[in-house]
Colleague: 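Sharing a structure, written as structure tokens. Questions coming.
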Amino acid sequence: MNERVKFDDKGLVPAIIQEEGTGEVLMLGYMDDLALERTLTTGRVWFWSRSRQEYWRKGDTSGAIQLVKSVAVDCDGDTVLVRVHQRGAACHTGERTCFLAGGELPVEIPDHVEGQ
């Protein structure tokens, strides 16, 4: 669909979903060329479900829709960033972002790294 996007060997590209107003990262999903095309042309975010092997439009069952504000491709062409206006929770757990339920991992930064 778009020659600037490099899909992996399964025909997918990771799509980072970010709240346009706050910059908050809401979730990560995967798109193939058709899901990306639908996202670019319908104003709603579409994904390819790797587990169910089917397309899904965010919010069709939950009501928590994502309205597309912009779509960018990274410098390597192997990731897209979709900025959205999120209505409702982005995560299937009911959380605003998918990165709350999983929690943070401990980070131990060596002293020699700080201040560089």
Side-chain angles (χ1 to χ4, degrees):
M1 191 245 146
N2 188 316
E3 63 280 350
R4 291 177 24 203
V5 177
K6 296 176 187 166
F7 296 93
D8 68 13
D9 58 351
K10 294 180 180 151
L12 301 174
V13 65
I16 300 166
I17 311 302
Q18 179 183 48
E19 174 59 52
E20 179 212 22
T22 65
E24 180 179 34
V25 176
L26 301 174
M27 61 177 287
L28 177 118
Y30 290 86
M31 297 179 178
D32 68 358
D33 59 343
L34 182 57
L36 179 58
E37 179 182 350
R38 289 175 176 177
T39 298
L40 292 169
T41 60
T42 67
R44 297 271 305 275
V45 180
W46 285 82
F47 297 102
W48 174 254
S49 171
R50 297 177 303 162
S51 59
R52 296 188 312 262
Q53 295 290 295
E54 65 184 15
Y55 293 100
W56 59 283
R57 186 171 67 169
K58 184 66 176 168
D60 278 357
T61 56
S62 68
I65 65 173
Q66 295 172 336
L67 301 172
V68 176
K69 298 300 181 182
S70 67
V71 179
V73 62
D74 77 340
C75 59
D76 295 322
D78 61 1
T79 304
V80 295
L81 174 65
V82 184
R83 292 183 186 98
V84 302
H85 172 69
Q86 177 71 45
R87 290 191 185 162
C91 187
H92 70 279
T93 65
E95 296 284 357
R96 171 125 182 102
T97 168
C98 292
F99 295 96
L100 292 176
E104 294 198 22
L105 297 174
V107 176
E108 296 181 26
I109 301 171
D111 291 338
H112 69 275
V113 176
E114 290 191 38
Q116 284 186 356

Colleague: Do you reckon Val25 sits in the same ILVMFWY cluster as Tyr30, going by side-chain contacts under 4.5 Å, direct or chained?
Modeller: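 Linked, Val25 and Tyr30 end up in one cluster.
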Colleague: Under 4.5 Å between any side-chain heavy atoms of Leu28 and Ile16, yes or no?
Modeller: yes
Colleague: With the side chain counted from C-beta on, respond yes when Trp48 and Tyr55 share a heavy-atom pair under 4.5 Å apart, and no when they do not.
Modeller: yes
Colleague: Quick check: is Met27 connected to Leu67 through a chain of hydrophobic side chains (ILVMFWY, heavy atoms under 4.5 Å apart)?
Modeller: no
Colleague: Only counting residues at least two apart or in another chain, list the ones meeting side-chain hydrogen bond (donor to acceptor under 3.5 Å, both in side chains) with Ser49.
Modeller: Ser51
Colleague: Out of curiosity, Asp32 CG to Glu37 CD, how far, rounded to the nearest 0.5 Å?
Modeller: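 Going from CG on Asp32 over to CD on Glu37, the span is 10.0 Å.
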Colleague: With sequence neighbours excluded, what pairs up with Asp76 under the side chain to side chain contact (heavy atoms under 4.5 Å, CB included) test?
Modeller: Asp74, Asp78
Colleague: Mind checking salt bridge (charged side-chain N to carboxylate O under 4.0 Å, His left out) for Glu104 and listing every partner two or more places apart, or none if nothing turns up?
Modeller: none
Colleague: Roughly how far, to the nearest 0.5 Å, is CZ of Arg38 from CG of Asp33?
Modeller: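 Here the interatomic distance stands at 10.5 Å.
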Colleague: Less than 4.5 Å apart, side chain to side chain, heavy atoms only: is that true for Met31 and Trp46?
Modeller: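 They are not in side-chain contact.
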Colleague: Can you tell me how far apart CG (Leu26) and CG (Leu100) are? Round to the nearest 0.5 Å.
Modeller: 10.0 Å
Colleague: Same hydrophobic cluster for Ile65 and Val68, using side-chain heavy-atom links shorter than 4.5 Å among ILVMFWY?
Modeller: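 Per the 4.5 Å side-chain linkage, Ile65 and Val68 are not co-clustered.
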Colleague: For Ala90 and Cys98, work out which heavy atoms get closest and say how close.
Modeller: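 Distance-wise, the nearest heavy atoms are O-SG, 4.2 Å.
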Colleague: Can you list the residues that meet the salt bridge (charged side-chain N to carboxylate O under 4.0 Å, His left out) rule with Asp60, with sequence neighbours excluded?
Modeller: Arg44, Arg57
Colleague: Taking only residues two or more places apart in sequence or in another chain, which ones pass salt bridge (charged side-chain N to carboxylate O under 4.0 Å, His left out) with Arg4?
Modeller: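 For Arg4, no residue satisfies salt bridge (charged side-chain N to carboxylate O under 4.0 Å, His left out) once neighbours in sequence are set aside.
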Colleague: When you measure from the side chain of Thr39 to the backbone of Val45, do you find a donor-acceptor pair of N or O atoms at a distance under 3.5 Å?
Modeller: no
Colleague: Provide the full list of salt bridge (charged side-chain N to carboxylate O under 4.0 Å, His left out) pairs with a residue in residues 7-18, sequence neighbours left out, each pair given once.
Modeller: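 Qualifying pairs: none.
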Colleague: Check whether any side-chain heavy atom of Val73 sits under 4.5 Å from a side-chain heavy atom of Lys6, and report yes or no.
Modeller: no
Colleague: My understanding is that only one of Gln86, Arg96, Lys69, Arg83 makes a side chain to side chain donor-acceptor pair (under 3.5 Å) with Glu19; could you say which?
Modeller: Arg96
